[in-house]
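Just so it is clear, the model here is predicted, and its values are computed rather than measured. For reference, positions follow the sequence shown, starting with 1.
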Amino acid sequence: MKNISKEEIKKRLKEILCEKESQCIAINGEWGIGKTYLWQEFSKEFNDKKCVYISLFGKSSVTAIEQHIAAQIYKINKIIDDIQKGAEQSKAREVFDSFVGHTLGSAVFGIMSFLKRDDFKDIVICFDDFERISEELRLNDLFGLMSDLKEQKNCHIVMILNKDKLKDKEEIADVLSKYTDKIINYNLNYNPTPKESFEIASKDLKSFQNYVLEYFERHAINNIRIMKRVINALKDYAFVEEFVKGHREVENEVVKNILEIATINSIDMLVNFDELHKYSSDLLIKDSESKIETNDKFDKLLYYIDSGYFMLRDITDNIIFYVKNSITDKEWTKNIIDDMIKNEQYNFIQQELKNCLSRSEYDFNYSFSQFSKDVFK
């Protein structure tokens, strides 16, 4: 799917929400890509309307949702000030305390009826977390409330959801399908670029900054939750920078493994890396006559390995221990990196000797005395 940037979504939201007639917009996208963050950022910038935000997570009744909507509208319209002024002469103080103290109970039952139609003027109500709706919440009542707010109160409605996940919840999908034509006017599919998501996730990244965005872009990762877990791993391995100074290839190898293993573990926290290694090894050594049973889950995870194969080594064991336990063993890590540096130096010397031998065979201007000096060096 084509990436649709945050700014494109914001621009379209503003166009629709500036219409006089009430509209309902569904913002659809995968989990973890920052849909809620997008809305929160937009609502702060959008001064033409007053925005109310409701998370459906943990709400077991439409009454509870109505209470939270009413509480926010009271605050938006500064009705609380009026309640405070007359608190001594009436029971309004009880209502005020119920809202502000977050002890919403019988004192605020039916509070929506206190609001006049004018109180809903220029109000945009955003409903989030449809995938986390309580089984106790009656969906027909919820969509009935949304329809009433849109049609009778002339409120704009914004729904934040992940339609792919809702397909797995038949009851929600059926009710949503039933009300789609009646409520939803516009569908906006949010699919930010990896760079946009990285700008949100990487605010406190201080180490290995040159590697990360390139990796996320190469593997089309725009999930902020995955990015944050990977970035946390890089932060926890920041101490490695002092060990690898001047050894670029070793640094590349260490950071590459942190990025790959932390990403895979973020996508599937139950992954067995030993089994992934065995499957990868079987793929590597198979011949035309070999028959290996394919594993779709492992094939998808191997996509995040740049080489396409996952091999176990000392450094991978170290990082796997970290992602499974959230603990870095600095002494163990330092010993592994010391060995990697020694191997790098050994390989460099080996290559230099090969170069000397090759030159001695083919370069007639390369004297034996110079060859001796180079080999001795």
*Quick one: closest heavy-atom pair of Met311 and Ser281, and the distance?*
CE-OG, 3.7 Å
*Looking at Phe298 and Asn272, what are the two nearest heavy atoms and their distance?*
CZ-O, 4.4 Å
*Please name the pair of heavy atoms, one in Ser307 and one in Tyr309, separated by the smallest distance, quoted to 0.1 Å.*
OG-O, 3.0 Å
_Ion pair Asp306/Lys256, N-O distance below 4.0 Å_ = no
*List the steps, then state whether side-chain contact (heavy atoms from CB on, under 4.5 Å) holds for Lys195 with Leu213.*
CA-CA 7 Å; Lys195 185 176 181 181; Leu213 178 57; 4.2 Å; yes
*More than 12 heavy atoms of other residues, nucleotides or ligands under 6.0 Å from CD of Glu21: is that the case?*
no
_Between Lys342 and Asp338, is the salt bridge (Lys or Arg N to Asp or Glu O under 4.0 Å) condition met? List the steps._
CA-CA 6 Å; Lys342 289 176 183 176; Asp338 285 344; over 6 Å; no
*Output yes when Lys11 and Glu7 qualify as a salt bridge under the 4.0 Å nitrogen-oxygen rule, no when they do not.*
no
*Donor-acceptor pair, Ser360 side chain versus Leu357 backbone, under 3.5 Å?*
yes
*Could you tell me whether the side chains of Tyr190 and Asn222 share a donor-acceptor contact shorter than 3.5 Å?*
no
_Lys324 side chain reached by Asn265 side chain, heavy atoms, under 4.5 Å_ = yes
*Verdict with reasoning, Phe273 to His277, per ring-ring contact (aromatic ring centres under 6.0 Å, His included)*: CA-CA 6 Å; Phe273 283 97; His277 161 68; over 10 Å; no
*Joint hydrophobic cluster, Tyr37 plus Val52, side-chain heavy atoms closer than 4.5 Å*: no
*asked:* So for atom NZ, which belongs to Lys35, do other residues, nucleotides or ligands contribute more than 12 heavy atoms lying within a distance under 6.0 Å?
replied: yes
*Hey, is Arg248 close enough to Glu251 for a salt bridge, meaning N to O under 4.0 Å?*
yes
*asked:* Less than 3.5 Å apart, any donor N or O on the side chain of Ser367 or Gln370 sitting next to an acceptor on the other?
replied: no
*Kindly indicate, with the supporting measurements, whether the criterion side-chain contact (heavy atoms from CB on, under 4.5 Å) is fulfilled by Trp39 and Val124.*
CA-CA 11 Å; Trp39 174 254; Val124 179; 3.7 Å; yes
_If you define the side chain from C-beta out and look only at heavy atoms, does anything of Thr263 sit under 4.5 Å from Tyr215?_
yes
*For side-chain contact (heavy atoms from CB on, under 4.5 Å), just list the numbers for Leu149 and Ile69, CA-CA rounded to whole Å, side-chain angles, deciding distance to a tenth of an Å, and then say yes or no.*
CA-CA 11 Å; Leu149 290 167; Ile69 292 173; 4.0 Å; yes
*Quick one: CD1 on Ile336 to CG on Asp314, what's the gap to the nearest 0.5 Å?*
5.0 Å
*Counting only N and O atoms by type, is there a donor-acceptor contact under 3.5 Å from the side chain of Asp148 to the main-chain atoms of Gly144?*
no
*Do Ile341 and Phe243 have side-chain heavy atoms sitting under 4.5 Å apart?*
no
*Criterion side chain to side chain donor-acceptor pair (under 3.5 Å) against Tyr322, the qualifying member of Thr328, Asp236, Asp329, Asp317*: Asp236
*asked:* Between Ser372 (side chain only) and Phe368 (backbone N and O only), is there a donor and an acceptor less than 3.5 Å apart?
replied: yes
*In one Ile/Leu/Val/Met/Phe/Trp/Tyr side-chain cluster, 4.5 Å: Leu312, Trp332*: yes
*Any Lys/Arg nitrogen of Glu199 or Lys6 sitting under 4.0 Å from an Asp/Glu carboxylate oxygen of the other?*
no
*Taking the side chain as every heavy atom from C-beta outward, state whether Leu353 and Val375 have any atom pair closer than 4.5 Å.*
yes
_Within the 4.5 Å heavy-atom criterion, are Leu142 and Ile133 side-chain neighbours or not?_
yes
*asked:* Looking at His68 and Ser55, would you say the former's side chain and the latter's main chain have a donor-acceptor pair under 3.5 Å?
replied: no
*Look at the side chain of Ser43 and the backbone N and O of Gln40, then say whether any donor-acceptor pair between them is shorter than 3.5 Å.*
yes
*Going from CZ on Phe198 to CD on Gln209, what distance comes out if it is rounded to the nearest 0.5 angstrom?*
7.5 Å
*Any side-chain heavy-atom pair from Glu131 and Leu161 closer than 4.5 angstrom?*
yes
*Would you say Asn223's side chain and Ile226's backbone share a donor-acceptor pair under 3.5 angstrom?*
yes
*For the atom pair CD1 (Ile258) and CD (Glu253), what is the distance rounded to the nearest 0.5 Å?*
11.0 Å
*Verify whether one side chain among Tyr74 and Asp119 offers a donor that lies under 3.5 Å from an acceptor in the other.*
no
_Using side-chain heavy atoms (C-beta onward) and a distance below 4.5 Å, is Lys300 in contact with Ile267?_
no
*Is there a donor-acceptor contact under 3.5 Å from the side chain of Asn347 to the main chain of Asn343?*
yes
*If you take all heavy atoms of Asn325 and Phe321, which pair is closest and at what distance?*
ND2-O, 2.8 Å
*Ion pair present between Glu331 and Lys334, side-chain N to carboxylate O less than 4.0 angstrom?*
no
*Taking the six-membered ring for Trp, are His219 and Tyr303 parallel (under 30°), tilted (30 to 60°) or perpendicular (over 60°)?*
perpendicular
*Taking 4.0 angstrom as the limit, do Glu352 and Lys377 come out as a salt bridge?*
no
*Counting heavy atoms not belonging to Phe348, are there more than 12 under 6.0 Å from its CZ?*
no
*Begin with the C-alpha distance, continue with both residues' side-chain angles, and end with the deciding distance and a verdict on side-chain contact (heavy atoms from CB on, under 4.5 Å) for Asn187 and Lys163.*
CA-CA 11 Å; Asn187 285 287; Lys163 289 182 180 177; 2.7 Å; yes
*If Ile, Leu, Val, Met, Phe, Trp and Tyr residues are connected whenever their side-chain heavy atoms lie under 4.5 Å apart, and connections chain through other members, are Ile9 and Ile200 in the same group?*
no
*asked:* Hydrophobic clustering (ILVMFWY, side-chain heavy atoms < 4.5 Å, transitive) - are Leu301 and Leu284 grouped together?
replied: yes
*asked:* Taking the basic N atoms (NZ, or NE/NH1/NH2) and the acidic carboxylate oxygens, is any pair closer than 4.0 Å for Asp282 and Lys278?
replied: yes
*Which heavy-atom pair separates Cys155 from Ser22 by the least distance, and what is that distance?*
O-CB, 3.3 Å
_Please report the interatomic distance CD1(Ile305) to CG(Asn257), rounded to the nearest 0.5 Å._
7.5 Å
_Atom NZ of residue position Lys330 - does it have more than 12 heavy atoms of other residues, nucleotides or ligands inside 6.0 Å?_
no
*Starting at NZ of Lys75, measure out to NZ of Lys50 and round the result to the nearest 0.5 Å.*
15.5 Å
*Quick one: NZ on Lys235 to OG on Ser202, what's the gap to the nearest 0.5 Å?*
11.0 Å
*Has Glu30 got more than 12 heavy atoms of other residues, nucleotides or ligands less than 6.0 Å from its CD?*
no
_Exercise: do Asp299 and Tyr279 side chains pair donor with acceptor under 3.5 Å_ = yes
*ILVMFWY cluster, Ile224 and Ile27 together (side-chain gap under 4.5 Å)*: no
*Taking all atoms of both residues into account, what is the closest heavy-atom pair of Glu344 and Glu249, and its distance?*
OE2-CB, 3.3 Å
*asked:* Quick check: do Cys356 and Tyr366 have side-chain heavy atoms less than 4.5 Å from each other?
replied: yes
